[in-house]
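Read the numbers this way: they start at 1 and go in the same order the structure lists the ligands and their atoms.
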Amino acid sequence: MNTVHTITQLRAAVARARQEGKRIGLVPTMGNLHDGHLALVQKALQSTDYVVVSIFVNPLQFGPSEDLDSYPRTLAADQSKLLDVGANLVFAPTPKEMYPDGMDGHTRISVPLVSEGLCGASRPGHFEGVATVVSKLLNMTQPDLAVFGKKDYQQLAVIRKMAQDLCMPVQIMGEAIVRDADGLALSSRNGFLTADQRQIAPRLYQVLVQIAEQIQGGRRDYPAVLDGARQHLIDAGMRPDYLELRDSVTLNPVGADSKQLIVLAAAFLGTTRLIDNLGFELN
Ligand code: PAF
């Protein structure tokens with residue numbers, strides 16, 4: 001497994017693999033890899049022959065008061081995990097390589113509607129930064145398949161819509177959330193939690209499970225169900241950012257005929273913002 005830092009090197013390595021008749025997979029990440037990321041790589045390895053993992057903490061998707069500076073950068077440990085799992089190439093560019101003329105005048109990709117609300121409401125410009133960097137990575141790599149985690153469910157919807165609208169010749173695949181034994185969704189930001197906060201954090205997932213059970217059990221007073229759940233989060237010591245029920249296919253608010261639902265949440269625990277979601281069906 002090689003690591004390259006420039007777009008020229010990435011393109012040369014991918015071209016060699018293509019000449020050998022290989023199908024190319026891409027797993028875009030911001031590094032600090034955990035088992036959730038490695039599951040994405042394994043998924044890509046099942047469906048393609050040559051898997052590129054990009055590691056780039058993308059400044060364009062962080063707001064001015066967010067955790068860009070403190071976001072963990074652990075390239076050596078990431079390389080060793082990727083070697084173990086069988087990835088073929090690591091692409092770890094610098095910000096200068098990705099944004100040689102800076103970010104201010106850089107072309108942006110904006111994906112309206114699906115980027116609005118949920119994380120888009122509390123992180124203005126975030127999805128524009130994500131869509132822009134992902135489109136760059138897709139253009140640089142030109143993979144057959146790109147795999148993203150479902151923990152960032154809205155992000156996955158934004159990327160799917162972008163790829164569809166811009167006729168990008170790539171299959172976008174979503175992979176299930178990987179959780180710790182107590183239910184907490186794996187996230188690079190979990191490392192920011194204190195030991196006490198780590199004990200509390202699984203409550204987020206527990207609340208999502210309770211909401212799904214109540215609705216599957218017949219409750220249709222959704223606002224009251226969500227209000228009760230919000231209060232549980234507050235009682236546990238969290239500060240809910242959003243807790244919403246949506247149609248899992250369209251991400252639109254739930255309509256009378258929605259059968260596939262998803263409850264999505266973001267909540268602060270101290271200064272750490274956790275997100276999670278749970279999809280379920282109605283009979
Ligand atoms: O999900 C992430 O880690 C990032 O948002 C992504 C998709 C790698 C773009 O920077």
Side-chain angles (χ1 to χ4, degrees), residues 5 7 10 25-41 43-44 51-63 66-75 77-78 81-82 87 89-99 103 106-111 114-115 118-120 122-141 143 145-163 166 168 170-178 185-192 264 266 272-277:
H5 301 281
I7 299 163
L10 167 69
L26 173 67
V27 181
T29 80
M30 298 206 300
N32 194 234
L33 304 180
H34 49 64
D35 285 352
H37 295 111
L38 301 180
L40 307 182
V41 178
K43 192 76 191 174
V51 173
V52 179
V53 180
S54 64
I55 296 182
F56 178 61
V57 182
N58 173 34
L60 199 61
Q61 70 188 73
F62 287 77
E66 292 186 342
D67 53 358
L68 173 63
D69 292 338
S70 58
Y71 200 88
R73 288 151 171 94
T74 53
L75 182 59
D78 293 344
K81 289 176 187 172
L82 290 171
L89 185 75
V90 176
F91 175 52
T94 59
K96 185 83 186 150
E97 181 70 10
M98 292 296 281
Y99 302 110
M103 297 190 300
H106 196 284
T107 301
R108 313 274 170 127
I109 306 280
S110 141
V111 189
V114 69
S115 293
L118 305 169
C119 287
S122 42
R123 303 188 68 188
H126 170 67
F127 287 120
E128 201 175 77
V130 169
T132 301
V133 81
V134 170
S135 67
K136 284 170 74 84
L137 292 166
L138 291 173
N139 282 335
M140 291 167 193
T141 314
L145 170 78
V147 188
F148 298 85
K150 286 189 180 170
K151 182 169 72 67
D152 297 280
Y153 197 84
Q154 189 179 14
Q155 167 174 285
L156 176 61
V158 167
I159 292 167
R160 280 193 202 285
K161 183 81 169 85
M162 171 187 78
L166 298 183
M168 293 177 163
V170 60
Q171 180 191 352
I172 304 294
M173 189 180 272
E175 180 61 6
I177 298 175
V178 178
L186 297 192
S187 164
S188 300
R189 291 192 169 94
N190 293 352
F192 293 140
L264 305 110
T272 305
R273 186 171 176 277
L274 303 174
I275 63 171
D276 203 349
N277 64 74

Subject >> Polar proximity ligand 1 side, Gln155 side, N/O cut 3.5 Å exclusive >> reply: yes
Original post:
Just by distance, do the side chain of Gln154 and the backbone of Cys119 share a donor-acceptor pair under 3.5 Å?
Top reply: yes
Original post:
In terms of ring plane angle, is the pair Tyr71 and Phe62 parallel, tilted or perpendicular, where the classes change at 30° and 60°?
Top reply: perpendicular
Original post:
Is it true that atom NZ of Lys136 has more than 12 heavy atoms of other residues, nucleotides or ligands lying nearer than 6.0 Å?
Top reply: yes
Within the 4.0 Å heavy-atom shell around [X], which atoms of ligand 1 are there?
{"X": "Val133", "value": "9 (C), 10 (O)"}
{"X": "Thr29", "value": "8 (C)"}
{"X": "Pro28", "value": "8 (C)"}

Original post:
Between Asn190 and Leu274, is any pair of side-chain heavy atoms under 4.5 Å apart?
Top reply: yes
Original post:
Are side-chain heavy atoms of Phe148 and Ile172 found at a separation under 4.5 Å?
Top reply: yes
Original post:
How far is atom 3 (O) of ligand 1 from its nearest protein heavy atom, and which residue and atom name does that atom have?
Top reply: Met30 CG, 3.6 Å
**OP:** Please report which non-hydrogen protein atom sits nearest to atom 9 (C) of ligand 1, along with the residue it belongs to and the distance in Å to one decimal place.
**Re:** Gln61 OE1, 3.3 Å
Original post:
Which is it for Ile159 and ligand 1 at heavy atoms under 4.0 Å: side chain, backbone, both or neither?
Top reply: neither
**OP:** Mind listing the closest non-hydrogen atom pair of His37 and Gly31 along with its distance?
**Re:** CE1-O, 3.8 Å
